[in-house]
There are 2 protein chains.
Amino acid sequence: MIDYNHPAVRYYQEVSEQCIHYLSIDGVIFGFHENQLKVLLLRWKNTTEWSLPGGFIRKAESVDVAAQRVVQERTGLDKLYLQQFHVFGEANRYDQADTWARTKLPIQTVKWSERTISIGYYALVEHSKVVPTPDFMTDECCWWPIDNVPSLLFDHNNIINVALGSLRKQIEDQPINHLLPETFTIPELQRLYETILGYPLDARNFYKKIVGSGALERLSERRAGTPHKAPYLYRFKAKHL
Amino acid sequence: MIDYNHPAVRYYQEVSEQCIHYLSIDGVIFGFHENQLKVLLLRWKNTTEWSLPGGFIRKAESVDVAAQRVVQERTGLDKLYLQQFHVFGEANRYDQADTWARTKLPIQTVKWSERTISIGYYALVEHSKVVPTPDFMTDECCWWPIDNVPSLLFDHNNIINVALGSLRKQIEDQPINHLLPETFTIPELQRLYETILGYPLDARNFYKKIVGSGALERLSERRAGTPHKAPYLYRFKAKHL
DNA sequence: ATACCTTTACGTCAAAAGTACGTAAAGAAG
DNA sequence: CTTCTTTACGTACTTTTGACGTAAAGGTAT
């Protein structure tokens with residue numbers, strides 16, 4: 001017996017009509033705060049179960065635009081750095097019965113197709129500018145440290161791991177400049193690199209490499225209020241943004 | 001007025017029922033022959049129009065398996081090196097009217113959805129082992145040199161460019177060993193690298209780098225019948241395959 | 001056969017990049 | 001004013017990369 005007024009039922013009916021079946025988007029939204037790399041997770045209504053934000057692609061909508069929309073709705077940000085990184089297309093990506101039981105939704109209301117292929121995007125956002133916003137399926141939206149993420153619904157732990165691997169690869173090629181505020185200090189950038197890479201770096205060598213790359217410009221101000229010697233502020237040169 | 005006996009109509013009816021709508025797979029099959037990097041293309045029936053091999057994903061089939069199937073059917077190979085490299089998801093990826101006109105198929109028979117999102121895979125295959133096989137929509141299947149590909153149907157020229165970019169990135173990280181026969185000489189490997197990268201390499205430095213990496217083992221035989229000094233044969237060590 | 005040419009299979013050397021570690025100046029705390 | 005931590009820069013050594021040298025192998029022209 002289906003409750004046609006249940007918000008999930010209404011949502012999935014709408015999705016069924018307007019969106020592409022069997023296909024979804026999952027977003028790994030990375031932020032950096034208090035020297036930790038974090039991801040934005042959602043807690044499903046009336047449960048203690050968490051998942052990544054996700055959504056569906058409208059029939060006439062570009063996939064990139066759909067990803068933009070999904071991330072924008074959770075963060076409130078409109079200028080986003082988004083990177084498509086992998087398609088998760090296994091016929092049996094995760095234990096469906098288990099997952100739908102954990103969401104505490106009546107299974108027949110949400111199972112709108114037998115399986116879902118998910119396109120993974122990661123976003124790099126400035127932590128302080130984000131307003132974490134749950135959707136109508138979730139009670140809570142907040143940051144979790146990347147190395148302390150709970151056991152998630154679907155195969156979302158795996159998706160986060162693959163996203164982190166892609167991010168680590170990316171950081172070797174080009175400096176990553178969307179996770180910090182516009183101005184920052186070299187030591188702050190070093191903490192970011194260290195948490196993404198997962199190992200410590202030598203401050204002297206990091207300084208040499210990053211300044212030597214020519215991607216940054218030093219401002220005349222220094223960061224005030226630090227307990228020690230005040231570090232200079234830097235910003236990425238325009239062509240590196 | 002639709003001709004329900006037209007093979008394209010029958011195929012798309014079957015696809016409509018058994019496969020996932022709006023979603024397809026395109027395969028860029030790379031081979032290496034006569035010092036040239038080549039891709040396998042299909043010529044559509046009764047036309048001079050070419051495209052990449054592609055296909056659809058069955059409702060309960062893993063995406064990787066579907067890609068495997070598509071490439072296998074065109075090449076006859078069953079052990080394939082396949083790499084998913086990008087999703088082409090623009091709402092308006094290509095000029096649909098133009099493309100369907102060029103295929104010389106009655107448009108309403110083949111337009112089974114408004115747009116298609118395509119998952120791009122590239123395959124690295126041993127040229128000599130491939131038996132190029134057209135399908136029921138195409139008259140001809142053959143190799144084209146990568147730098148002399150004609151104007152293709154759909155957005156397939158773009159897909160090839162993105163695939164080549166991904167391959168170039170991959171070759172910087174790890175040696176590529178699926179495009180050559182099991183045994184090969186260092187100069188042959190160098191020609192492969194040169195055609196993938198698109199610029200010449202210094203033979204002395206290439207030798208040093210590739211032998212120094214420890215990925216190869218030298219056999220006692222040399223390549224006979226060369227016009228000059230007979231080069232040693234090498235093969236990839238097991239753990240690099 | 002022998003001179004000649006091309007290619008292979010190494011080697012040499014210098015520049016550049018990466019890694020380890022030294023240290024003076026700045027700023028806070030006792 | 002001493003002590004401690006951190007920044008900002010420096011020095012020295014090692015590894016990697018890039019330019020180029022060369023002897024041996026194998027064919028071709030005479």
Side-chain angles (χ1 to χ4, degrees), chain A residues 32 34-36 168-176 180-181 183-237 240, chain B residues 32 34-35 168-176 180-181 183-237:
Chain A
F32 184 64
E34 291 174 343
N35 288 344
Q36 283 191 304
R168 283 183 179 155
K169 207 148 213 179
Q170 196 199 314
I171 210 178
E172 289 172 10
D173 289 354
Q174 52 193 286
I176 283 188
L180 290 174
T183 64
F184 50 86
T185 68
I186 302 282
E188 281 161 12
L189 187 63
Q190 186 186 335
R191 304 289 162 266
L192 172 61
Y193 271 65
E194 287 174 335
T195 49
I196 288 177
L197 293 171
Y199 52 84
L201 299 168
D202 181 275
R204 283 83 52 103
N205 293 334
F206 183 78
Y207 172 88
K208 218 193 323 179
K209 182 167 183 175
I210 212 78
V211 171
S213 81
L216 302 184
E217 62 182 325
R218 190 168 87 176
L219 309 183
S220 47
E221 313 113 81
R222 294 155 178 259
R223 166 84 71 221
T226 46
H228 302 290
K229 177 171 176 179
Y232 281 104
L233 288 172
Y234 284 79
R235 120 176 100 207
F236 280 98
K237 285 184 187 163
H240 292 272
Chain B
F32 183 65
E34 291 173 342
N35 287 342
R168 282 181 179 156
K169 206 146 213 183
Q170 196 199 313
I171 211 178
E172 289 173 9
D173 288 354
Q174 52 194 285
I176 282 187
L180 290 174
T183 65
F184 51 86
T185 68
I186 302 283
E188 282 162 12
L189 188 64
Q190 187 187 333
R191 304 288 163 269
L192 171 61
Y193 270 65
E194 287 174 337
T195 48
I196 289 177
L197 293 171
Y199 53 84
L201 300 169
D202 181 273
R204 286 83 52 104
N205 293 333
F206 183 77
Y207 172 88
K208 218 191 328 177
K209 183 168 183 174
I210 211 78
V211 171
S213 81
L216 301 184
E217 60 182 325
R218 190 169 85 176
L219 309 183
S220 47
E221 313 112 84
R222 291 153 180 262
R223 166 85 71 221
T226 46
H228 303 290
K229 176 170 175 178
Y232 281 104
L233 289 172
Y234 284 79
R235 129 177 93 206
F236 280 97
K237 286 185 188 165

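So you know, we letter chains A, B, ... as the sequences are listed, proteins then strands, and number each from 1.
Nucleic acid contact class of Arg223(A) (heavy atoms, under 4.0 Å, all strands): none. Contact annotation for Lys208(B): base contact, defined as any heavy-atom pair under 4.0 Å involving a base atom.
Distances shown here put every side-chain N or O of Tyr207(B) at or beyond 4.0 Å from the OP1 or OP2 atom of dA9(C).
Distance check, rounded to the nearest 0.5 Å: CD of Glu194(A) to CD1 of Ile196(A) gives 11.0 Å. Annotation: the span from Ile210(B) atom CD1 to Asn205(B) atom CG amounts to 12.5 Å, rounded to 0.5 Å. Rounded to the nearest 0.5 angstrom, Glu221(A) CD and Thr185(A) OG1 are separated by 13.0 Å. Of the inter-residue distances, the one linking Lys209(A) atom NZ with Leu201(A) atom CG reads 9.0 Å to the nearest 0.5 angstrom. Atom OH in Tyr232(B) sits 4.0 Å away from atom CZ in Arg218(B) (nearest 0.5 Å).
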One character per nucleotide, please: for nucleotides 22-30 of chain D, 5' to 3', B when the base has a protein heavy atom closer than 4.0 Å, S when only the sugar-phosphate does, - otherwise. B-BBBS---
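Between the CG atom of Asn35(B) and the P atom of dT7(C) there is a distance of 12 Å, rounded to whole Å. Between the OH atom of Tyr232(A) and the C1' atom of dG27(C) there is a distance of 14 Å, rounded to whole Å. Counting to the nearest Å, the C1' atom of dA8(D) and the CG atom of Leu189(A) are 15 Å from each other. The CD1-P distance, from Ile210(B) to dT17(D), rounds to 12 Å in whole Å. Summarising the geometry, the separation between CD on Glu221(B) and C1' on dA9(C) is reported as 18 Å, rounded to the nearest angstrom. Taking atom CG of Asp202(A) as the reference point, atom P of dT6(D) lies 14 Å away to the nearest angstrom. Rounded to whole Å, atom P of dA20(C) lies 13 Å from atom NZ of Lys209(A). Rounded to whole Å, atom C1' of dT8(C) lies 11 Å from atom CZ of Arg191(B).
Annotation: side chain of Arg191(B) is in contact with side chain of Phe32(B) (closest heavy-atom distance under 4.5 Å). Taking the side chain as every heavy atom from C-beta outward, Tyr234(A) and Leu180(A) never approach each other to under 4.5 Å.
The 5' end of DNA chain C is approached more closely, in terms of each residue's nearest nucleotide, by Pro187(B) than by the other of Asn205(B) and Pro187(B).
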